[in-house]
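A single structure is presented below for examination.
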Amino acid sequence: MLFSRRPLATAARHLAPFSPPLLLFFASASSSCSSSAASASSASGPRGCSAVRMETGAVEPASTGAIWSTPSVEPRTISVGKEIFCNRSLNMRNITAVGFDMDYTLAQYKPETFEALAYHGTIEKLVKDLGYPEELLTWQFDWKYMVRGLVLDKKRGNILKMDRHKYVKVAYHGFREMSKEEKVSAYGSTLIRDSFDEPDYALIDTLFSLGEAYLFAQLVDFMDNNPGKVPSGTDYPLMYRDVRSAVDLCHRDGTLKRMVAKDPSRYINEDLAIVPMLEMIRKSGRSTFLVTNSLWDYTDVVMNYLCRPYTSDVSSSHNHKWLGYFDVVITGSAKPGFFHDGNRAGLFEVEPDSGKLLNADLHPEIRSAAFKTNPQSLPGWRTMLVIPELEQEVKLLSESKSTRKELRHLRMERDSIEDKIHRLEWSLKFENLTEDEKEKLFSEHDILLQKKEHVRRLHQEAQRQHHHKFHKVWGQLMKTGYQNSRFAHQVERFACLYSSQVTNFALYSPNKYYRPSEDYMPHEFDVLGL
């Protein structure tokens with residue numbers, strides 16, 4: 001669906017002539033790094049974008065919400081958790097249109113309520129529609145357990161965390177931690193490291209998929225301990241397919257979104273800076289647009305809730321005034337397929353009040369130019385990823401500076417001791433030594449081996465404590481051991497900018513030139529003393 005403050009064809013012409021680099025798109029990492037969220041979110045309605053003519057009145061200027069453009073006597077500082085981080089240079093003066101995803105971007109869902117709702121809905125479908133035992137209905141969901149960036153091994157029933165080189169560093173079978181020997185046996189081959197992808201693996205890159213990953217782990221343990229209680233012929237891959245089918249059923253019948261629509265405040269965090277941010281962008285001379293997989297009725301409820309402090313009036317708590325903050329609104333887009341001409345379905349226009357679909361009469365050239373939009377491949381699109389977990393991650397990282405120095409010192413000490421051991425072993429093997437000299441070197445060797453083991457244990461325990469400070473099971477989101485995690489690698493690949501909240505963008509000048517920090521090679525760390 002496409003909604004426009006202008007007549008539809010005029011709005012399309014307004015976006016059509018953009019040339020690179022002119023468009024900035026805000027998305028959660030889910031919609032930009034994976035297609036699984038799109039398949040789930042778009043399952044609740046027929047394929048096809050739709051368009052609506054918007055007869056909304058003028059929106060009153062925002063009166064609250066401290067942003068960059070808000071007058072202030074005191075200079076403002078931005079906390080590290082609210083900063084925008086830059087992977088690739090981006091000069092906002094070159095950007096003429098700014099777009100937003102809705103789910104997990106403008107609308108930040110509360111995992112303790114929204115993810116729990118999806119989890120219990122999925123279990124209900126497994127029991128009632130797919131023949132799983134009723135005792136699953138008593139299961140509980142720990143919404144803090146899973147993190148993004150994990151990989152599910154469907155064949156073996158394992159959950160993996162790997163680094164950017166695809167080395168598996170943390171692995172669980174269900175909820176049982178796998179030993180080093182088990183990890184090496186299953187994933188130690190160099191050939192396997194290139195194949196962590198569908199159909200044998202599932203990538204947990206979306207916030208939508210955390211609940212299904214947790215349920216999969218529960219089912220793995222359940223089947224291992226109760227093989228006779230699951231449907232006949234069920235194995236790990238089939239069990240995962242059943243979970244995915246149940247998730248799709250939840251989205252298709254609209255249960256989840258009906259519950260959210262009844263009480264948005266229970267499931268969505270309120271952010272008073274959204275409207276001031278949109279106003280600031282528009283006042284800076286840029287167009288704004290919204291592209292979401294959600295259908296019109298749900299989008300209208302969520303956006304009305306998010307903009308309510310600035311759009312509600314005495315006569316009605318629900319209206320369409322929020323549409324006035326965007327030049328174009330596209331719903332039911334079925335991202336990421338929407339960004340590819342060959343995958344995009346038909347375009348319709350929607351009447352906001354009735355939800356009635358109308359044919360959208362666009363000239364083919366206008367339509368092609370307006371919607372040829374792949375932020376991952378076209379040079380005219382720049383992307384900012386919204387990573388809600390980042391705020392806590394950088395806070396803990398800032399608090400762990402002394403721990404990181406200790407870890408670095410212990411690692412260097414281990415290297416030094418090992419080098420001394422290697423030197424002694426070389427002397428004992430290849431040098432002509434007297435018996436007294438050999439005895440002395442053997443004694444030194446034994447002392448160094450004991451010291452090496454002591455330092456190894458200190459290092460291992462310090463690493464474990466540092467690891468658990470971020471997450472009791474999976475550790476830092478952006479690190480796996482000393483390497484960047486697979487998720488961090490995704491962020492580097494897909495994001496020009498990234499930050500913890502979309503409204504952090506409002507804390508900076510709309511004309512800011514974002515510049516990345518300097519990249520460092522390992523030799524530069526040693527030479528420059530970093």
Side-chain angles (χ1 to χ4, degrees), residues 151 153 156 158-173 176-196 397 400-470 473-476 478-486 488-489 518-530:
V151 175
D153 183 342
R156 300 181 178 92
N158 299 337
I159 300 97
L160 318 173
K161 186 181 181 189
M162 60 187 69
D163 65 19
R164 64 191 179 97
H165 302 296
K166 298 187 179 180
Y167 283 92
V168 176
K169 297 294 183 68
V170 185
Y172 280 74
H173 178 76
R176 177 184 66 80
E177 186 173 10
M178 296 172 63
S179 67
K180 182 178 180 180
E181 292 72 25
E182 287 177 308
K183 286 187 291 184
V184 171
S185 175
Y187 308 109
S189 169
T190 303
L191 296 176
I192 291 179
R193 282 199 296 274
D194 295 329
S195 60
F196 289 105
L397 194 62
S400 66
K401 291 177 182 178
S402 60
T403 303
R404 291 173 66 84
K405 288 181 181 179
E406 179 189 357
L407 287 169
R408 188 160 52 245
H409 172 74
L410 289 170
R411 199 179 191 196
M412 292 172 63
E413 189 174 0
R414 287 181 70 178
D415 286 344
S416 176
I417 294 170
E418 287 172 357
D419 189 62
K420 291 176 182 178
I421 291 172
H422 297 159
R423 185 69 185 87
L424 287 175
E425 291 172 345
W426 184 273
S427 297
L428 288 166
K429 186 174 183 179
F430 295 108
E431 293 181 10
N432 294 321
L433 303 172
T434 65
E435 290 302 316
D436 288 343
E437 289 173 330
K438 286 182 179 180
E439 185 176 347
K440 182 180 179 182
L441 291 183
F442 274 124
S443 177
E444 290 179 17
H445 187 263
D446 290 342
I447 292 172
L448 284 172
L449 285 178
Q450 293 175 16
K451 188 176 182 180
K452 173 188 173 183
E453 179 62 17
H454 174 68
V455 174
R456 185 192 70 80
R457 289 178 178 175
L458 287 177
H459 188 207
Q460 193 174 59
E461 179 60 21
Q463 275 187 310
R464 188 188 68 81
Q465 291 181 4
H466 182 65
H467 177 87
H468 287 172
K469 186 175 182 180
F470 289 87
V473 177
W474 307 109
Q476 267 183 271
M478 298 292 190
K479 280 283 188 287
T480 305
Y482 285 96
Q483 296 287 321
N484 283 350
S485 65
R486 193 190 70 82
H489 184 54
E518 183 178 352
D519 289 341
Y520 290 105
M521 292 286 288
H523 70 277
E524 293 176 291
F525 278 92
D526 292 336
V527 173
L528 300 176
L530 300 171

H422 side chain vs E418 backbone, donor-acceptor pair below 3.5 Å: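 Yes; judged by distance alone, with no hydrogens or angles, the pair exists.
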Go through the steps for M162 and T480 under the test side chain to side chain contact (heavy atoms under 4.5 Å, CB included), then give the verdict. CA-CA 6 Å; M162 60 187 69; T480 305; 5.8 Å; no
Of Q460, E453, H454, which meets side-chain hydrogen bond (donor to acceptor under 3.5 Å, both in side chains) against R457? E453
Minimum heavy-atom separation for E177 and Y172, please, with both atom names. N-CD2, 3.3 Å
Within 6.0 angstrom of E439 CD, more than 12 heavy atoms from elsewhere: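 Check fails, neighbour count at 12 or below.
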In short, V455 meets L410 closest at the heavy-atom pair CG1-O, 3.9 Å
Non-hydrogen side-chain atoms of V168 and K161 separated by less than 4.5 Å: no
Taking side chain to side chain donor-acceptor pair (under 3.5 Å) as the test, write out the residues that go with E461, two or more places apart. R464, Q465
Rounded to the nearest 0.5 angstrom, the CG-NZ distance for N432 and K438 is 8.5 Å
Mind telling me whether Y167 and H165 have parallel, tilted or perpendicular rings, with 30° and 60° as the class edges? perpendicular
Can E413 and K420 be said to form a salt bridge (Lys or Arg N to Asp or Glu O under 4.0 Å), step by step? CA-CA 11 Å; E413 189 174 0; K420 291 176 182 178; over 6 Å; no
Taking side chain as C-beta onward, heavy atoms only, is H445 less than 4.5 Å from L441? no
Is R486 close enough and on-axis enough to F196, meaning under 6.0 Å and within 45°, for cation-pi? no
Would you call F470 and L397 a side-chain contact if the rule is heavy atoms closer than 4.5 Å? yes
Just to verify, what does H173 make a ring pair (Phe, Tyr, Trp, His ring centres under 6.0 Å) with, not counting sequence neighbours?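 With neighbours one apart ignored, the set is Y236.
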Donor-acceptor check, side chain of S400 to backbone of T403, threshold 3.5 angstrom: yes or no?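 No; zero donor-acceptor contacts below 3.5 Å.
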If you take all heavy atoms of L407 and A462, which pair is closest and at what distance?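 The answer is CD2-CB, 3.6 Å.
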Closer than 3.5 angstrom, by distance alone: can the side chain of K183 be matched with the main-chain N or O of K169 as a donor-acceptor pair?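 Side chain of K183 to backbone of K169: a pair is present.
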Whether E182 and R156 form a salt bridge (side-chain N of Lys/Arg under 4.0 Å from carboxylate O of Asp/Glu) is what I want to check.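 No, R156 and E182 are not salt-bridged.
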Are E518 and E524 close enough, and set up right, to give a side chain to side chain contact (heavy atoms under 4.5 Å, CB included), and what steps lead you there? CA-CA 11 Å; E518 183 178 352; E524 293 176 291; 4.3 Å; yes
Audit row: M478, N484, side chain to side chain contact (heavy atoms under 4.5 Å, CB included) steps and yes/no: CA-CA 6 Å; M478 298 292 190; N484 283 350; 5.8 Å; no
